[in-house]
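The figures that follow rest on heavy atoms only: side chains count, while hydrogens, waters and symmetry mates do not.
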Amino acid sequence: MPAPNDGTADTEEADGAKGAEGAEAAEGTEGAEGADDSAAEAAQSTALESLAKVTPEEATAVALKAVSGTAAAAQLENENGFVVYGIEVTTADGTVIDVKIDAGDGTVLAQDTADSETSD
């Protein structure tokens with residue numbers, strides 16, 4: 001399981017990416033101007049990327065080992081203060097499974113479908 005965020009965006013531990021709270025601070029408030037939202041999203045994305053130790057390609061490979069199918073692009077996310085990759089894998093029968101991969105150490109954290117949630 002990834003290490004919880006203690007608010008020190010400059011410090012990372014070997015067992016997980018930390019500092020997602022700093023990435024949250026980069027998020028803008030819901031405003032009328034799309035440019036502000038885009039800038040805030042870009043800032044958050046940059047902050048999350050700086051914390052990730054696992055590449056999107058590595059995260060995708062891990063997700064496909066856990067769930068056979070076709071993977072969509074890996075998206076860095078702030079999931080409850082943890083930096084994770086969310087990867088949607090479409091199985092042979094058409095089921096879409098959202099696989100969460102720890103961006104710090106590459107472990108599978110959860111596999112979610114629309115009908116149920118399963119954690120590893």
Side-chain angles (χ1 to χ4, degrees):
M1 180 164 227
N5 174 20
D6 64 1
T8 56
D10 295 337
T11 305
E12 296 178 22
E13 292 182 2
D15 289 336
K18 294 174 59 178
E21 186 174 281
E24 279 182 19
E27 282 187 47
T29 59
E30 294 293 324
E33 297 184 31
D36 289 343
D37 291 342
S38 295
E41 287 177 17
Q44 180 182 20
S45 177
T46 300
L48 292 175
E49 286 172 8
S50 70
L51 297 171
K53 294 181 181 180
V54 175
T55 67
E57 294 79 16
E58 292 168 331
T60 300
V62 170
L64 289 172
K65 283 184 182 179
V67 178
S68 295
T70 305
Q75 299 291 319
L76 268 176
E77 304 170 355
N78 176 352
E79 187 83 16
N80 300 321
F82 299 105
V83 181
V84 302
Y85 284 101
I87 304 165
E88 290 185 349
V89 178
T90 304
T91 63
D93 68 1
T95 303
V96 177
I97 300 174
D98 186 24
V99 182
K100 300 293 185 188
I101 306 295
D102 185 324
D105 64 11
T107 58
V108 176
L109 299 174
Q111 298 176 31
D112 300 328
T113 62
D115 297 330
S116 65
E117 293 186 11
T118 306
S119 296
D120 279 43

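Nearest approach of Val89 to Ala63, heavy atoms of both residues: CG2-CB, 4.3 Å. When all heavy atoms of Glu77 and Leu48 are compared, the closest pair comes out as C-CD1, 4.0 Å. The heavy-atom pair separating Gly69 from Leu64 by the smallest distance is O-CD2, 3.3 Å. Considering every non-hydrogen atom in both Val54 and Ala59, the closest pair reads CG1-N, 3.8 Å. What you find for Asn78 and Gln44 is that their closest heavy atoms are CB-NE2, 4.0 Å. Of all the heavy atoms in Glu79 and Val84, the pair that sits closest is CB-CG2, 3.6 Å.
Rounded to the nearest 0.5 Å, atoms OG1 (Thr107) and CG (Asp102) are 4.5 Å apart. Within the model, atoms CD1 of Ile87 and CD1 of Ile97 stand 13.0 Å from one another, a figure rounded to the nearest 0.5 Å.
Counting heavy atoms from C-beta outward, Ile101 and Val108 have side chains that approach closer than 4.5 Å.
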